[in-house]
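Encoded as structure tokens, the structure appears first; notes follow it.
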Amino acid sequence: MSQNPQSLLITGSAGFIGSNLVLRLLDSQEPLSIVGLDNLNDYYDPSLKEYRLRKIQEKAATAPHHTYKFIKGDLADKALIDSLFEENHFDIVVNLAAQAGVRYSIENPDAYIQSNMIGFYNILEACRHSYDGIPGSTETGNPGYQGVQHLVYASSSSVYGGNKKVPFSTDDRVDNPVSLYAATKKSNELFAHCYSKLYNIPSTGLRFFTVYGPAGRPDMAYFGFTNKLLKGQTIQIYNYGNCRRDFTYVDDIVEGIVRVMRKAPEKKNGEDGLPIPPYAVYNIGGGQPENLLDFVNILQEELVRAGVLPKDYDFEAHKELVPMQPGDVPTTYADASALERDFGFTPKITLREGLRKFAEWYKVYFQ
């Protein structure tokens with residue numbers, strides 16, 4: 001790699017996971033050159049994204065050994081992506097930008113095709129062309145540059161679709177998606193495998209399981225429930241409360257990403273002399289699925305404790321049990337043993353601990 005500070009591209013850097021990853025990287029001791037990319041779309045309130053960006057700017061100001069630059073732009077803008085790669089000679093790319101949400105994909109499929117498929121294709125192509133002129137050439141403008149050394153990208157537990165076997169393992173077949181969002185995430189894994197095989201690009205996909213925490217996505221259940229309870233509205237609990245989710249606190253997700261990005265799949269050839277794809281996929285999940293009713297009970301206790309809701313709040317009057325929604329699955333449950341085996345890490349933060357941090361943040365941010 002280059003003798004210069006390691007160069008990183010974090011897409012979706014104003015998003016929930018992306019912003020937390022950048023904050024974590026700015027805490028690291030080794031000098032880094034970080035470019036954050038986000039289109040700041042209005043899928044949810046952009047002011048929350050602006051808040052996250054301010055937090056990053058504040059942190060970057062206290063970390064002079066790093067360089068940090070934010071670019072407002074879209075993954076689907078191929079010319080922009082190509083120019084970023086040409087100018088910055090990225091060593092590691094972490095692609096977290098995506099159109100999120102299962103239910104939204106049913107109503108607005110175009111957003112998912114543009115961001116999750118065309119956008120990811122643009123990233124893969126830029127990674128491929130980062131090797132142009134190598135080895136031994138100075139055409140890249142940086143003689144020591146060796147091209148992108150590792151592409152890490154967000155997949156999702158939604159790729160498991162209607163799988164009945166639990167816990168979900170990366171060895172399971174995942175060709176029965178129940179939402180367009182899930183289908184686009186599976187396509188990312190297939191694209192990445194293809195590019196790893198054809199162009200020897202080390203890539204790792206991470207299947208995230210129900211990520212939550214402070215400054216998270218307002219369309220997620222814990223955030224939406226809180227907003228509605230505060231307004232005295234009724235919250236709907238799907239599948240009559242019989243859904244189970246493998247909730248994963250955002251700090252655990254970020255810790256997993258940081259460990260993975262620093263250890264790319266090894267490049268090696270098979271018996272036929274051709275490259276074995278330097279490709280891997282891991283689950284990152286708590287490994288302890290929680291019943292949705294238990295989750296709601298813990299959330300309400302922590303909202304009262306943080307002073308978001310009054311102690312005498314009548315929760316029973318504001319809960320409604322409803323059927324399963326299109327695109328949803330009854331259970332998500334991660335087998336994250338491979339992550340522990342290869343990186344010595346497994347998520348540790350309990351649901352109560354995580355929801356407590358969310359409730360305390362919510363109290364400060366909104367009230």
Side-chain angles (χ1 to χ4, degrees), residues 1-15 17-26 28 30-41 46 49-50 52-53 56-57 59-60 63 66-99 111 113-134 137-154 188 191-192 195-196 199-205 257-258 261-262 264:
M1 283 193 190
S2 147
Q3 297 304 305
N4 298 316
Q6 198 170 50
S7 180
L8 278 63
L9 172 64
I10 313 294
T11 74
S13 65
I17 298 173
S19 60
N20 278 281
L21 175 60
V22 174
L23 288 169
R24 166 65 191 279
L25 291 171
L26 289 171
S28 61
E30 58 178 315
L32 299 172
S33 176
I34 303 170
V35 174
L37 175 73
D38 203 293
N39 65 6
L40 300 178
N41 68 26
K49 301 176 184 182
E50 297 285 358
R52 297 180 189 132
L53 288 178
I56 293 172
Q57 292 287 4
K59 172 79 78 170
H66 300 306
T67 61
Y68 164 73
K69 178 170 59 177
F70 174 72
I71 305 292
K72 182 180 179 182
D74 200 292
L75 276 188
D77 183 346
K78 184 171 175 57
L80 171 66
I81 299 302
D82 289 346
S83 67
L84 285 177
F85 275 71
E86 288 167 11
E87 292 164 13
N88 294 280
H89 303 113
F90 297 120
D91 299 302
I92 297 174
V93 176
V94 184
N95 186 60
L96 300 172
Q99 179 58 60
I113 302 302
Q114 289 294 321
S115 180
N116 301 9
M117 297 185 72
I118 294 173
F120 189 59
Y121 163 73
N122 289 340
I123 290 288
L124 288 167
E125 275 290 280
C127 287
R128 170 167 82 101
H129 289 299
S130 73
Y131 296 101
D132 290 354
I134 296 171
S137 170
T138 58
E139 289 174 24
T140 61
N142 184 346
Y145 182 56
Q146 296 297 308
V148 171
Q149 300 298 297
H150 196 187
L151 167 64
V152 180
Y153 62 94
N188 287 176
F191 285 175
Y195 271 70
S196 290
Y199 308 112
N200 217 18
I201 301 170
S203 70
T204 304
I257 295 172
V258 168
M261 60 188 271
R262 290 174 173 161

Residues Tyr195 and Glu125: side-chain donor-acceptor under 3.5 angstrom: yes
Residues that Asn188 engages under side chain to side chain donor-acceptor pair (under 3.5 Å), provided they are two or more places apart: none
Near-ring test Phe120/Tyr153, centroid separation under 6.0 angstrom: yes
Tyr121, OH atom: more than 12 neighbouring heavy atoms under 6.0 Å: no
Any residue meeting side chain to side chain donor-acceptor pair (under 3.5 Å) with Thr204, in chain and number order, not counting sequence neighbours: His150
Donor-acceptor pair, side chain of Ser196 and main chain of Pro202, under 3.5 angstrom: no
Heavy-atom closest contact (Ala60 atom, Leu26 atom, distance): N-CD1, 3.8 Å
Leu9 and its side-chain contact (heavy atoms from CB on, under 4.5 Å) partner, picked from Leu151, Val94, Val93: Val93
Closest non-hydrogen atom pair, Gln149 against Ala264: O-CB, 3.6 Å
Contact check, side chains of Ser7 and Asp91, non-hydrogen atoms, under 4.5 Å: yes
Residues forming a side chain to side chain contact (heavy atoms under 4.5 Å, CB included) with Asn41, sequence neighbours excluded: Asn39, Tyr43, Lys49, Gln99
Heavy-atom check, side chain of Asn4 versus side chain of Tyr145, under 4.5 Å: no
Donor-acceptor pair, side chain of Thr11 and main chain of Ala97, under 3.5 angstrom: yes
Ser130 to Val148 - nearest heavy-atom pair and separation: OG-N, 3.0 Å
Test side chain to side chain donor-acceptor pair (under 3.5 Å) applied to Ser13 - qualifying residues, sequence neighbours left out: none
By salt bridge (Lys or Arg N to Asp or Glu O under 4.0 Å) - contacts of Lys69 (at least two apart): none
Tyr199 side chain near Cys127 side chain, heavy-atom distance below 4.5 Å: no
Residue pair Tyr131 / Asn200: nearest heavy atoms and the distance that separates them: OH-O, 4.2 Å
Heavy-atom check, side chain of Ile81 versus side chain of Leu37, under 4.5 Å: yes
Gly15 versus Ser19, closest heavy-atom pair with distance: O-OG, 2.6 Å
Distance-minimising heavy-atom pair for Leu84 and Phe90: O-CE1, 3.5 Å
For Ser33, side chain to side chain donor-acceptor pair (under 3.5 Å) partners two or more places apart: Thr67
His129 (side chain) donor-acceptor with Asp82 (main chain) under 3.5 angstrom: no
